[in-house]
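Report on one structure; see the data block that follows.
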Amino acid sequence: MKSMRNAKTLISAGTLWLVLSLVAGTPLAAWASSSEDEPAPGRAMARQVTKVERPGITTDHSRLEPLQRTFTKGAEITQACMSCHTEAESQFHQSIHWSWRAGEEKGKAGYSLNNFCISANKGMDKGCMKCHPGWGKSTEAINCLVCHGQKKIQWDEIFQDYAAFAESDDPDEKEIAAEIQTEIQAAAQAVAQPGRQNCGSCHFYGGGGDGVKHGDLDSSLAKPNKALDVHMGVDGQNFDCTRCHTTHEHHIAGRIYTAPAYTDRKSLVEDDLIAKITCESCHTSTPHKEGSKPNDHTDKVACQSCHIPTMARVNPTKMSWDWSKAGKLKDGKPYTTEDEFGKHDYMSIKGQMRWDKNIQPEYFWYNGVIESVTVKDAVDPSGTVAVSHPVGDRTDPDSRIYPFKVHRGKQPYDKVHKTLLAPLLSTPKGYWTTFDMKGALQNGQKALGLPFSGEFDFVPTTYVFPTTHMVAPKDNVVQCSECHVKKEGRLQSLSGFYMPGRDHNSWLNTIGWVAVLGALVGVMLHGLGRIFTSGNGRKEN
Amino acid sequence: MSRAKMKLIYLYTRYERFWHWLQATLIILLLATGFEINTGFSLLGFETAVEVHNFVGITWLIAFAFFVFWVFTTGEWRQYIPTTRKMFAVIRYYSYGIFRGESHPVPKRKEAKHNPLQRLTYLSLAAMLLPVQMTTGFLYWSYNSWGEWGLSWLPLEVVALVHTAGAFAILQFLVIHLYMTTTGHAIFAHIRAMITGWEEVEEGVKVEEWEKAKSGA
């Protein structure tokens with residue numbers, strides 16, 4: 001009987017585990033064996049839409065007649081370009097790249113400001129003009145070669161040199177002049193779609209130096225490896241900027257300033273005429289393997305939030321800039337100090353600065369609009385002034401959680417008018433020459449045609465940059481538990497919604513655990529009672 | 001008081017035992033992973049905990065459908081009809097008689113597996129607590145479809161908190177249930193019965209007609 005029962009036990013247990021493993025095991029096995037080699041749908045889709053090579057160029061510019069003449073100044077090259085590209089000038093003049101204006105008030109050439117060099121003072125601050133796509137600091141004609149030229153030329157210098165040698169009667173110098181002219185012509189003829197160096201010559205150096213402004217855009221993207229940028233990596237897809245920043249009549253997709261860079265989150269599958277500016281354009285809005293949790297996140301979390309775990313992974317970027325510390329002198333002379341990265345962390349002309357690398361972004365709800373204050377807007381100097389901030393809200397269906405670099409500054413404001421102030425920096429009357437902040441503010445405000453009471457102080461400010469470049473390969477991605485965690489998660493500061501893993505109700509949990517503990521203590525007491533009373537029918541044995 | 005003569009009866013069918021242990025395994029896995037997600041202690045890690053919790057939860061949902069089918073087609077649902085008869089006697093037994101070595105007032109029989117307290121507890125579990133837990137769990141799992149289902153007005157927090165409260169109730173049940181298994185004539189008697197199907201009960205105890213699950217059958 002006993003052995004029979006044991007056998008029955010064994011059979012029962014065996015059956016139980018057999019069925020259990022069948023029930024649980026089959027999907028588990030299927031789950032585990034889902035092929036790792038097979039690319040996720042979003043990756044396959046992106047590969048598909050970028051498979052076709054760009055159509056080759058049908059014009060060899062070195063054979064074009066207008067580019068064979070002698071050029072003595074930049075505007076003549078512009079003229080040569082326009083003789084064929086008849087509409088390019090008017091198109092480009094309307095673009096923000098040329099106008100530096102966004103609407104009536106905003107733009108570098110308007111009343112916009114930041115917490116770096118603050119303002120371009122309506123073009124009065126000539127230092128800013130080195131990034132304007134004209135010939136030198138002149139706005140007479142467009143320098144097409146800033147964006148389309150394949151040769152690096154100091155145009156101001158080369159034309160000066162040419163003029164100097166060409167005027168000479170010395171045959172040797174005439175020969176040198178001819179050589180310079182050949183170089184100029186070769187540069188004018190070497191034109192193509194803008195490459196990384198073209199865009200990067202300004203955008204890598206925004207704010208006046210490498211990586212100053214953007215944490216996700218610096219000279220490390222000129223020739224990045226795949227680990228730094230999975231799209232641009234020379235050992236990977238090797239994309240140029242224009243692969244995503246597509247262009248229509250010289251208006252380049254991707255600008256985020258006063259309006260969103262895009263309003264539709266469509267893929268090329270849904271609409272093959274869209275600009276390829278969003279991740280979804282190529283990867284679709286459900287890029288991960290079917291049924292995988294990340295696909296459920298794409299309605300509320302931007303791709304960048306998980307796929308750019310840190311920015312400035314190669315070169316450091318500037319994190320803060322305190323103008324109130326500017327103007328200190330050593331032995332009556334301005335000086336600079338360097339930090340661990342070899343970057344200036346103090347400059348008499350600029351103040352105290354902090355640089356950093358491998359920065360975890362800050363996260364905000366963002367619908368694609370950045371709101372910013374201008375020099376004309378009243379601000380509240382009692383707290384931190386958001387010079388620019390992302391617009392968005394959890395309840396807005398167009399808003400998603402998006403990563404940002406936040407640059408923190410301390411910059412001058414007018415104590416009477418309660419507005420931020422725009423000091424003039426370069427030029428002989430600017431702060432960098434005079435070290436007189438009040439005078440610089442007077443000159444800067446005058447250039448803008450705005451009042452200055454003469455009373456100023458410094459206020460803490462923030463300025464934001466959406467993080468979208470430096471997308472890391474799939475194995476370097478933000479893990480679930482970096483957000484879904486009780487303490488110090490990446491999304492700690494975002495409130496108003498329940499996030500599993502981060503949130504719980506402490507009342508409920510306290511009551512719950514007290515109840516469970518109560519049950520435990522209760523049964524223990526009951527059990528002890530049984531032992532001490534020798535109850536439960538076992539006393540007679 | 002001398003001990004009554006014992007006899008073996010086949011109390012739990014193979015399916016019942018299988019279901020019991022399957023459900024036990026699933027519930028314990030769900031409790032462990034669920035509380036990892038809720039309280040943040042480190043066991044499997046958040047991601048794996050969520051994956052396991054989802055997988056096990058769906059498995060439970062499917063398995064529960066089979067149980068519901070079984071309980072109705074076999075007529076076993078009658079074992080869960082609540083009653084107040086002998087309820088007081090059972091309460092008295094567990095709070096007094098058990099310490100005096102008395103016999104259980106409602107012994108187990110094939111036709112009447114549950115005493116009045118068990119009927120009430122298991123009915124509340126099977127008909128209320130577990131369905132609430134399954135519903136909230138399923139909703140939680142399908143959060144991304146709420147919009148399509150017209151449930152956008154429903155805050156995730158409410159579902160999450162009801163689900164957590166249910167989990168605490170189940171954990172509390174588990175603690176008491178585990179303890180109650182030791183109250184048989186021997187510490188592991190009830191557990192053994194749930195594994196082998198054979199329970200040792202006192203001989204010659206008459207089961208009243210109303211107690212039987214299948215009257216006349």
Side-chain angles (χ1 to χ4, degrees), chain A residues 1 5-6 8-9 11-13 15-17 19-20 23-24 27-28 31 293 295-297 299 397 479-487 497-505 508-509 511-513 515-520 522-524 526-527 529-530 532-541, chain B residues 1-4 8 14 17-18 21-22 25 37-40 45-47 49-51 54-56 59 62-63 94-95 97-103 140 143-144 147 155-161 164-165 167-169 171-173 175-176 178-180 182-186 192 195-198:
Chain A
M1 179 72 189
R5 267 172 60 203
N6 282 347
K8 262 182 181 286
T9 314
I11 293 166
S12 310
T15 318
L16 173 71
W17 285 111
V19 177
L20 256 183
V23 169
L28 270 174
W31 192 23
K293 200 62 202 164
N295 275 343
D296 290 344
H297 282 67
D299 58 336
Q479 299 298 306
C480 308
S481 56
E482 292 183 55
C483 300
H484 294 275
V485 63
K486 289 279 151 209
K487 283 184 184 128
F497 60 98
Y498 186 90
M499 192 160 101
R502 184 191 70 171
D503 300 325
H504 69 269
N505 183 299
L508 176 65
N509 277 36
I511 294 168
W513 288 118
V516 170
L517 212 66
L520 206 61
V523 297
M524 278 164 72
H526 197 273
R530 278 163 60 207
F532 285 122
T533 59
S534 307
N536 209 16
R538 262 167 285 151
K539 64 184 170 187
E540 69 278 7
N541 295 332
Chain B
M1 179 184 156
S2 73
R3 189 168 173 175
L8 276 172
R14 194 172 292 169
R17 284 174 282 141
F18 161 70
W21 291 114
L22 174 68
T25 310
I37 294 162
N38 173 268
T39 62
F46 181 84
E47 187 174 0
V50 169
E51 279 171 8
N54 288 347
F55 179 78
V56 174
T59 308
I62 295 164
Y94 282 115
S95 50
I98 192 169
F99 301 115
R100 311 260 307 171
E102 292 174 8
S103 297
Y140 205 147
Y143 174 67
N144 269 72
L156 178 64
E157 184 164 16
V158 170
V159 173
L161 296 191
T164 310
F168 276 117
L171 183 57
Q172 203 182 12
F173 164 78
V175 169
I176 297 169
L178 280 174
Y179 171 72
M180 295 302 272
T182 68
T183 61
H185 65 85
R192 185 187 295 130
I195 295 171
T196 62
W198 293 84

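Quick caveat: nothing in here was measured; it's all calculated off a predicted structure.
- Of all non-hydrogen atoms in B/F168 and A/L508, the two that sit nearest each other are CE1-O, 4.0 Å.
- In this structure, B/E157 and A/F497 have side chains that are not in contact, with every pair of non-hydrogen atoms separated by 4.5 Å or more.
- A heavy-atom distance below 4.5 Å is found between the side chains of A/R530 and B/T182.
- Aromatic ring orientation, B/Y94 versus A/H526: tilted (interplanar angle from 30° to 60°).
- Remark: side-chain polar atoms of A/D296 are not paired, donor with acceptor, to backbone N or O of B/N144 under 3.5 angstrom.
- Taking all atoms of both residues into account, the shortest heavy-atom contact from A/S481 to B/F46 is CB-CB, 4.1 Å.
- Contact tally against chain A (heavy-atom pairs below 4.5 Å) for B/N38, B/L156, B/I176: the top residue is B/N38.
- Interface remark: B/Y143 contributes no atoms to any contact with chain A (heavy atom separation under 4.5 Å).
- Between chain B and the options A/K486, A/M524, A/Q479, A/K293, heavy-atom pairs under 4.5 Å are most frequent for A/K486.
- Heavy-atom distances place no part of A/V485 under 4.5 Å from chain B, backbone and side chain included.
- For chain B, the option among A/N505, A/N509, A/N295 with the highest count of heavy-atom pairs below 4.5 Å is A/N509.
- Side-chain contact check for A/Y498 versus B/V158: every heavy-atom pair is 4.5 Å or farther apart.
- Contact record, B/Q172 with A/A519: CG-CB, 3.6 Å, taken as the closest heavy-atom pair.
- The candidate with the highest count of non-hydrogen atom pairs below 4.5 Å against chain A, out of B/T164, B/T39, B/V56, B/N54, is B/T39.
- Taking A/H484, A/R502, A/K487, A/H504 one by one and counting their heavy-atom pairs under 4.5 Å with chain B, the maximum is reached by A/H484.
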